[in-house]
Amino acid sequence: MPDIGFVNGRFLPLEETTVSVEDRGFQFGDGIYEVIRTYHGQPFQLDAHLARLERSARAIELPLSWNLQQWATYVCDGIKQSGYPESKVYLQLTRGAAPRDHVFPASAKPTAVMTVREMKPMDSALHASGVAAVTMDDWRWGRCDIKSVNLLPNVMARQKAKQAGAFEALFIRNGQVTEGAVSNVMIVKSGRMITAPEGEQILAGVTRTILLELARKEGLPVEERFVTRDELLRADEIFLTGTTVEVLSVIRVDGKAIGPGGSGKPGPVTLKLQAAFQRLVG
Ligand code: PDD
């Protein structure tokens, strides 16, 4: 089965795709992206991902190349062409190739790129056991709601987490937990689920929205507010949400065991929501 590449409306084998060295995505990080996965060959929450792509594009004054209907058609075509039972679709849109100058080029055409690769799900043992995380200073820019390709702080944070033997880095800004380097963060405290509010400090995760709905359906009170690092460490349960991590329990933060009675095991609310999510995606 082939990995699929796509540049500006043209599908081709991934290894044959090229973009200019003068592309502004490459030189300035002047672009945005989305990551979408399939379940049973169907893109999950495609409309929500494309709506966010449109919001990100608008926020950086970047034309979308095509309307969302056409984007959806391209995504579905790519998934079909790849033939993978489960795939991960990466979309990136940049301000195009032009001689290097910070101001927007007068005439460059945006570069739209897509890749479709096999989705290798996370090790199911990790989902069962939960993962360790470490807290880190959130030195990202002020518009984390834009899914920008400028991911240097996320890259550095995730690498430091790995070096510390942890799976995810949890960002702290002004004493408050914002989100993970590749995920949103939820805590459970005294039967309530708490997560950072939408706004400029976090990415409005597609999976986050689903989990808020699932929690409400399960009758779990939900609060959208920031928690401090101290509240995080004293949480009954912590879990991450995201396209790649789905619903993933965090059982250790900065070396401290989290979970019922400090057990370092996934808690009952997380397990319930994890099961509800799995039912939803089939
Ligand atoms: N990242 N927060 C950040 C900083 C993220 O990068 C992501 C996802 C999320 C979760 O969003 P969603 O539920 O829509 O996937 C939250 C993608 C998967 C990535 O960069 O690979």
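Just so it is clear, the model here is predicted, and its values are computed rather than measured.
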Q: Looking only at heavy atoms, which two atoms of A235 and I238 are closest? And how far apart?
A: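 Nearest heavy atoms, A235 then I238: CB-CG1, 3.8 Å.
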Q: Report yes if some heavy atom in the side chain of I251 is under 4.5 Å from a heavy atom in the side chain of I258; otherwise report no.
A: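 The answer is no; the side chains never approach within 4.5 Å.
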Q: Under 4.0 Å between a Lys/Arg side-chain N and an Asp/Glu carboxylate O for E118 and K88?
A: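 Salt bridge flag = no for K88 with E118.
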Q: Is any side-chain heavy atom of D145 closer than 4.5 Å to one of I202?
A: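 No, their side chains stay 4.5 Å or more apart.
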Q: Nearest heavy-atom pair of F11 and M114: which atoms, and what distance?
A: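 Residues F11 and M114, closest heavy atoms: CE2-CE, 3.6 Å.
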Q: Give every donor-acceptor pair under 3.5 Å between a side-chain atom in residues 100-107 and any protein atom, sequence neighbours left out.
A:
none

Q: So, for S65 and A112, which heavy atoms are closest and what is the spacing to 0.1 Å?
A: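 Reported closest heavy-atom pair: OG-CB, 4.3 Å.
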Q: Of the non-hydrogen atoms in A108 and A98, which two are nearest, and what is the gap between them?
A: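 Minimum heavy-atom contact is CB-CB, 4.1 Å.
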Q: Please tell me if the side chains of K160 and V134 come closer than 4.5 Å, counting only heavy atoms from C-beta onward.
A: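 Answer no - side chains too far apart.
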Q: Got a second to check how far R225's CZ is from T195's OG1, nearest 0.5 Å?
A: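 So the CZ of R225 and the OG1 of T195 are separated by 10.5 Å.
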Q: Output yes when E237 and K189 qualify as a salt bridge under the 4.0 Å nitrogen-oxygen rule, no when they do not.
A: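 Salt bridge between E237 and K189, a charged N being under 4.0 Å from a carboxylate O: no.
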Q: Is there a path of hydrophobic side-chain contacts, each under 4.5 Å between heavy atoms of I, L, V, M, F, W or Y residues, that connects L14 with F26?
A: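 Each belongs to a different hydrophobic cluster.
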Q: Quick one: do E179 and R173 make a salt bridge, cutoff under 4.0 Å?
A: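 No salt bridge links E179 with R173.
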Q: Counting only heavy atoms not in R10, do more than 12 fall under 6.0 Å of its CZ?
A: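 Open: at most 12 neighbouring heavy atoms sit under 6.0 Å from CZ of R10.
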Q: For residues T243 and H49, report the shortest heavy-atom separation together with the two atoms involved.
A: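 Heavy atoms of T243 and H49 come nearest at OG1-CE1, 3.6 Å.
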Q: State plainly whether the residues R252 and E168 are in salt-bridge range, i.e. N to O under 4.0 Å.
A: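 Salt bridge: no.
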Q: Do V206 and I36 touch side chain to side chain, with heavy atoms closer than 4.5 Å?
A: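 A side-chain contact is absent here, since even the closest heavy-atom pair is not under 4.5 Å.
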Q: So F171 and W139, ring pair (Phe, Tyr, Trp, His ring centres under 6.0 Å) or not? Walk me through it.
A: CA-CA 8 Å; F171 286 127; W139 52 273; 8.3 Å; no
Q: So how far is it from E86 CD to T38 OG1, rounded to the nearest 0.5 Å?
A: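 So the gap between those two atoms works out to 4.0 Å.
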Q: Here's one to test your reading of the geometry: is the NZ or CZ of R158 within 45 degrees of the ring axis of F167 and under 6.0 Å from its centre?
A: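 Checked: cation-pi criterion met.
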Q: Got a salt bridge between R229 and D254, using NZ or NE/NH1/NH2 to carboxylate O under 4.0 Å?
A: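 Looking at D254 together with R229, the answer is yes, because their closest N to O distance falls below 4.0 Å.
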Q: Side-chain contact test, heavy atoms from C-beta onward, threshold under 4.5 Å: evaluate it for S148 versus S56 and give yes or no.
A: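 Sidechains of S56 and S148: no contact.
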Q: Do the charged groups of D138 and R140 touch, with an N to O distance under 4.0 Å?
A: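 Answer for the salt bridge query: yes.
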Q: Starting at CG of D3, measure out to OG of S87 and round the result to the nearest 0.5 Å.
A: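 Rounded to the nearest 0.5 Å, the CG-OG separation comes to 10.0 Å.
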Q: Out of curiosity, R208 CZ to S183 OG, how far, rounded to the nearest 0.5 Å?
A: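 Interatomic distance, R208 CZ to S183 OG, rounded to 0.5 Å: 12.5 Å.
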Q: Start with the C-alpha distance between N150 and W141, add both sets of side-chain angles, then the distance that settles side-chain contact (heavy atoms from CB on, under 4.5 Å), and finish with yes or no.
A: CA-CA 9 Å; N150 291 269; W141 71 329; 5.9 Å; no
Q: Flag yes if more than 12 heavy atoms outside M156 fall under 6.0 Å of its CE atom; otherwise flag no.
A: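 No, CE of M156 has 12 or fewer neighbouring heavy atoms, counting only those of other groups under 6.0 Å.
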Q: Please tell me if the side chains of T115 and F6 come closer than 4.5 Å, counting only heavy atoms from C-beta onward.
A: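 No, too far: nothing below the 4.5 Å cut-off.
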Q: For the CG atom on N174, are there more than 12 heavy atoms of other groups (residues, nucleotides or ligands in this structure) within a distance under 6.0 Å?
A: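 Open: at most 12 neighbouring heavy atoms sit under 6.0 Å from CG of N174.
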Q: Count the heavy atoms belonging to other residues, nucleotides or ligands that lie under 6.0 Å from NZ of K80, then report whether that count exceeds 12.
A: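 Count not over threshold, so no.
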Q: Check step by step if side-chain contact (heavy atoms from CB on, under 4.5 Å) holds for V116 and Q81.
A: CA-CA 9 Å; V116 185; Q81 286 187 36; over 6 Å; no
Q: Check for me, please, whether L280 and V245 land in the same ILVMFWY cluster - side-chain distances under 4.5 Å, paths through other members count.
A: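 The answer is no; the residues belong to distinct hydrophobic clusters.
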Q: Determine, using the 4.5 Å side-chain heavy-atom cutoff (strictly less than), whether L126 and F239 are members of one ILVMFWY cluster.
A: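 Not linked; separate clusters.
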Q: Is there a path of hydrophobic side-chain contacts, each under 4.5 Å between heavy atoms, that joins L170 and V227?
A: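 As far as the 4.5 Å side-chain criterion goes, V227 and L170 are connected within one cluster.
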Q: I'd like to know whether CD of E61 has more than 12 heavy-atom contacts from other residues, nucleotides or ligands below 6.0 angstrom.
A: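 It does not: E61 CD has 12 such atoms or fewer within range.
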Q: For the residue pair D30 and R24, what are the closest heavy atoms and their distance?
A: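 So the two residues come closest at OD2-NE, 2.9 Å.
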Q: When you compare the side chain of M136 with that of I172, does any pair of heavy atoms fall below 4.5 Å?
A: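 They are not in side-chain contact.
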Q: Would you please test W71 and L53 for side-chain contact (heavy atoms from CB on, under 4.5 Å) and show each step?
A: CA-CA 10 Å; W71 276 96; L53 184 79; 4.0 Å; yes
Q: Just do the side-chain contact (heavy atoms from CB on, under 4.5 Å) check on L50 and L46 with the steps written out, would you?
A: CA-CA 6 Å; L50 292 180; L46 178 58; 3.8 Å; yes
Q: Kindly compute the distance separating CG (L220) from CE (M186), expressed to the nearest 0.5 Å.
A: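 These two atoms lie 11.0 Å from each other.
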Q: To the nearest 0.5 angstrom, please state how far the CG atom of L62 sits from the CZ atom of R95.
A: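 Separation between the atoms: 5.0 Å.
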Q: Other hydrophobic cluster members with L151, side-chain heavy atoms of Ile/Leu/Val/Met/Phe/Trp/Tyr under 4.5 Å, chained?
A: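 Hydrophobic cluster check, L151: joined to Y33, V35, Y90, V149, V155.
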Q: Check whether NZ of the Lys or CZ of the Arg R279 lies under 6.0 Å from the centre of the six-membered ring of F277 and within 45 degrees of that ring's axis.
A: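 Relative to the ring axis of F277, which defines the angle, R279 lies outside at least one limit.
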Q: Could you list all the side-chain hydrogen bond (donor to acceptor under 3.5 Å, both in side chains) pairs where at least one residue sits in residues 13-22, not counting sequence neighbours?
A: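 Applying side-chain hydrogen bond (donor to acceptor under 3.5 Å, both in side chains) to every pair that reaches into residues 13-22, excluding sequence neighbours, yields nothing.
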Q: In the structure I gave you, are the side-chain heavy atoms of L212 and E224 within less than 4.5 Å of one another anywhere?
A: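 Counting from C-beta outward, L212 and E224 do come under 4.5 Å.
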Q: Following the transitive rule for hydrophobic clusters with a side-chain heavy-atom cut-off under 4.5 Å over Ile, Leu, Val, Met, Phe, Trp and Tyr, establish whether L240 and L214 coincide in one cluster.
A: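 L240 does not cluster with L214.
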Q: Counting only heavy atoms not in R37 (residues, nucleotides, ligands), do more than 12 fall under 6.0 Å from its CZ?
A: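 Yes, enclosed.
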